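Only one structure is covered here, and it is reproduced in the block below.
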Amino acid sequence: MRKKSTDEPGRRPQHRAISKNMGNAQYDEAQRSREPIQQGAHTRHRASAVHFSYTSSSQSEHRDEAEIHSSIVLSQSSSLSSAESPTSVWSLDDVRALQYPQLTSESIARLESYHRQNERRWREIKRQRLRRKRLITIVSVVTGIILLALIGLMGLHWYRVQQDNTYAHAQLDEQIAHLQSTDQVVVAVDEAIDDEVSADRIDYLSGLISSIPGTKETLLSIAGAIEGFHDLFSDEEGRYIAEAVAESADARSEMLNYGKRLLQNDVNALNAFSELSDALKLIVAADSAVRDSIDASSMRLNGGMEKSLSLSQDALSYLGKANEDLIQVQSRFPTADLSAYARYVNAKTAATNLLIAIDQALIAGNADEAQTQLDAYNAKDGEVVAAAAALPTNSPGVILVPYEAIASNLKVSYIAARDRAATADSIIRSYLGIAEMANSLSTNADIPSADGGAEENNVVKG
């Protein structure tokens with residue numbers, strides 16, 4: 001138990017003191033006795049300062065606080081010693097009585113302020129570290145999500161590219177099959193263009209011409225389909241073959257364009273030959289009927305005049321049909337020179353009309369009118385003779401000249417398109433790994449052929 005102090009309050013305690021007038025031995029002894037007291041007081045003051053200090057998170061802060069407290073105590077002790085007496089000795093109680101109140105009011109306030117500042121600083125540092133950790137975590141998570149999304153997108157893109165490439169190759173094979181299906185018509189047209197044209201092949205050529213539009217539609221659909229999936233290929237070979245198929249389809253379509261016109265030119269020539277031949281036959285028939293009419297008119301008895309009139313009317317009908325055939329030939333070949341035939345038919349028609357007028361006048365018994373018409377007939381008959389002399393000696397040549405002019409121009413363009421198709425087909429054959437495409441342009445296709453017949457009016461193609 002600590003002994004209670006009997007000192008009066010507010011009064012300074014009485015302690016042993018070392019007088020200034022003591023001897024040296026006594027003074028030294030007093031000094032030795034005071035040093036442990038001061039050291040003890042100093043130690044206790046340090047302990048008291050540590051007691052009032054707040055717990056810090058680092059050892060450096062404790063050391064700082066102790067040093068601050070020690071500096072305060074020493075400064076206050078030195079001030080007190082200088083104020084009281086440089087040689088006086090103070091006990092621990094004196095130090096406590098004089099310094100402790102100031103220590104608790106000022107030093108502790110400074111320590112508390114220091115600790116609060118340190119605590120705020122460390123709390124801010126901790127918050128910054130926590131925010132930094134959170135930010136790093138968020139950035140790491142977001143980066144990971146972005147990387148996973150990119151990897152997923154790349155995988156999806158690769159999958160789609162592979163799917164598109166597979167689809168494009170399947171479509172390419174399908175379009176090649178469609179292209180091969182056009183071989184029958186394309187090859188048949190090509191062979192018909194190179195073959196001789198005869199009258200017995202008109203129906204075959206006409207049927208071949210009628211099959212061209214449907215084949216062209218197939219070829220156009222191939223080109224359109226390839227344009228739709230051309231960019232889906234992931235390999236250069238696929239795009240290269242697709243371009244070759246499109247080129248072949250376009251070249252074949254161009255071949256059919258020119259081939260149709262060439263075949264139509266052949267058909268027109270064959271029909272023109274037939275129509276010109278019919279016109280010439282009708283002209284001959286009309287001339288024969290006119291001669292028979294003249295012979296019958298000399299037999300005025302027994303119905304000779306009526307027969308003459310009938311024959312003249314027949315001749316006029318023949319000439320009309322011959323003129324129609326000439327007009328048809330002219331429509332097929334506008335550049336054909338049919339003027340000589342037209343002049344003859346017109347002159348013969350006018351002369352025949354005069355013969356009819358003569359017969360009608362004689363039947364009516366009008367001799368003067370008959371004579372007048374007869375004079376006119378004799379004058380017109382001279383024109384008929386002159387027109388007959390101007391008729392071409394080579395009737396087919398009238399048609400061959402414009403026919404060959406048309407065919408030669410078309411043939412140049414057709415051959416150029418065929419060469420394009422052949423080049424593209426060779427690429428496709430190499431891709432398919434076969435020597436020849438079925439029914440390719442370089443082989444003889446199994447196509448229907450017209451039966452052999454008469455070789456008259458043949459057109460030999462150059």
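Just so it is clear, the values below take in all heavy atoms, side chains as well, and ignore hydrogens, waters and symmetry mates. Bear in mind the structure is a predicted one, so any value in this text is a computation, not a measurement.
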Step by step, would you call Phe333 with Asn265 a side chain to side chain contact (heavy atoms under 4.5 Å, CB included)?
-> CA-CA 9 Å; Phe333 293 98; Asn265 190 50; 3.3 Å; yes

Side chains of residues 144-151: which donor-acceptor partners sit under 3.5 Å, not counting sequence neighbours?
none

Carefully, step by step, assess Leu172 and Ile176 under the rule side chain to side chain contact (heavy atoms under 4.5 Å, CB included).
-> CA-CA 6 Å; Leu172 177 61; Ile176 290 176; 4.2 Å; yes

Output yes when Glu119 and Arg123 qualify as a salt bridge under the 4.0 Å nitrogen-oxygen rule, no when they do not.
-> yes

Heavy atoms only: give me the nearest Gly207-Ser210 pair and the separation to one decimal.
-> O-OG, 2.6 Å

Output yes when a side-chain donor or acceptor of Ser430 lies under 3.5 Å from a complementary backbone atom of Ile427, and no otherwise.
-> no

Between atom CG of Leu220 and atom OG1 of Thr215, what is the distance when rounded to the nearest 0.5 Å?
-> 11.0 Å

Return each pair, listed once, that meets ring-ring contact (aromatic ring centres under 6.0 Å, His included) where at least one residue sits in residues 123-174; pairs must be two or more places apart or across chains.
-> His169-Phe233

Using a strict 4.0 Å threshold on nitrogen-to-oxygen distance, state whether Lys321 and Asp278 make a salt bridge.
-> no

State whether the number of non-hydrogen atoms from other residues, nucleotides or ligands found under 6.0 Å of Gln162 atom CD is greater than 12.
-> yes

Which value, rounded to the nearest 0.5 Å, describes the distance between Met255 atom CE and Leu262 atom CG?
-> 10.5 Å

Would you call Asp325-Lys281 a salt bridge at under 4.0 Å N-O?
-> no

Hey, does Leu391 have a side-chain heavy atom less than 4.5 Å from the side chain of Leu280?
-> no

How many angstroms lie between CD1 in Ile226 and CD in Glu247, if you round to the nearest 0.5 Å?
-> 10.5 Å

Are any side-chain N or O atoms of Gln328 and backbone N or O atoms of Ala272, one a donor and one an acceptor, separated by less than 3.5 Å?
-> no

Check whether any side-chain heavy atom of Arg418 lies under 4.5 Å from a side-chain heavy atom of Tyr258, and answer yes or no.
-> no

Minimum heavy-atom distance Leu179-Ser248, with the two atoms named | CD2-OG, 3.6 Å

Does Ser274 reach the main-chain N or O of Leu270 with its side chain, forming a donor-acceptor pair under 3.5 Å?
-> no

Is any side-chain heavy atom of Glu324 closer than 4.5 Å to a side-chain heavy atom of Leu282?
-> no

Partners passing side chain to side chain donor-acceptor pair (under 3.5 Å) against Asn346 (at least two apart in sequence or in another chain) = none

Within-4.5 Å side-chain heavy-atom neighbours: Gln171 and Leu232 | no

Is Thr349 close to Asn323 at the side-chain level, that is, under 4.5 Å between some pair of heavy atoms?
-> no

Close side-chain approach of Tyr204 and Leu263, heavy atoms under 4.5 Å | no

Inter-residue atom distance Glu254.CD - Leu256.CG, 0.5 Å rounding | 10.5 Å

Can you tell me if Asp266 and Tyr403 form a side-chain donor-acceptor pair at under 3.5 Å?
-> yes

Counting distance only, does the side-chain N/O of Asn268 pair as donor-acceptor with the main-chain N or O of Gln264 below 3.5 Å?
-> yes

NZ/NE/NH1/NH2 to OD/OE distance under 4.0 Å, Glu236 and Arg239 = yes

Whether Ser211 side chain and Leu208 backbone form a donor-acceptor pair below 3.5 Å = yes

Cationic N near anionic O, under 4.0 Å, Arg127 to Glu124 = yes

Evaluate the side-chain proximity of Arg121 to Asn118: yes if any heavy-atom separation is below 4.5 Å, no if none is.
-> yes

Return the minimal non-hydrogen interatomic distance between Ala322 and Ile283, and the atom names on each side.
-> CB-CG1, 3.9 Å

Nearest heavy-atom neighbours spanning Gly259 and Tyr414 = N-CD1, 3.8 Å

How far apart are the C-alpha atoms of Glu404 and Lys411, what are their side-chain angles, what is the distance that settles it, and do they pass the salt bridge (Lys or Arg N to Asp or Glu O under 4.0 Å) test?
-> CA-CA 10 Å; Glu404 291 178 351; Lys411 196 68 175 289; over 6 Å; no

What's the shortest heavy-atom distance between Ser395 and Tyr341, and which atoms?
-> OG-OH, 2.8 Å

Decide yes or no on side chain to side chain contact (heavy atoms under 4.5 Å, CB included) for Arg252 and Asp183, but give the supporting numbers first.
-> CA-CA 9 Å; Arg252 289 171 180 237; Asp183 284 339; 2.3 Å; yes

Heavy-atom side-chain proximity of Val267 to Arg332 below 4.5 angstrom = no

Backbone N or O of Asp250 within a donor-acceptor pair of the Ser253 side chain at under 3.5 Å?
-> no

Nearest-0.5 Å distance that lies between atom CD1 in Ile399 and atom CG in Leu338 = 7.5 Å

How many angstroms lie between CZ in Arg132 and CD1 in Ile125, if you round to the nearest 0.5 Å?
-> 10.0 Å

Does the side chain to side chain contact (heavy atoms under 4.5 Å, CB included) test come out yes or no for Leu276 and Leu326, once each step is laid out?
-> CA-CA 6 Å; Leu276 182 59; Leu326 291 175; 3.8 Å; yes

Any idea which heavy atoms bring Ser221 and Gln175 closest together, and the distance?
-> O-OE1, 4.4 Å

Are the side chain of Ser277 and the backbone N or O of Phe273 linked by a donor-acceptor pair below 3.5 Å?
-> no

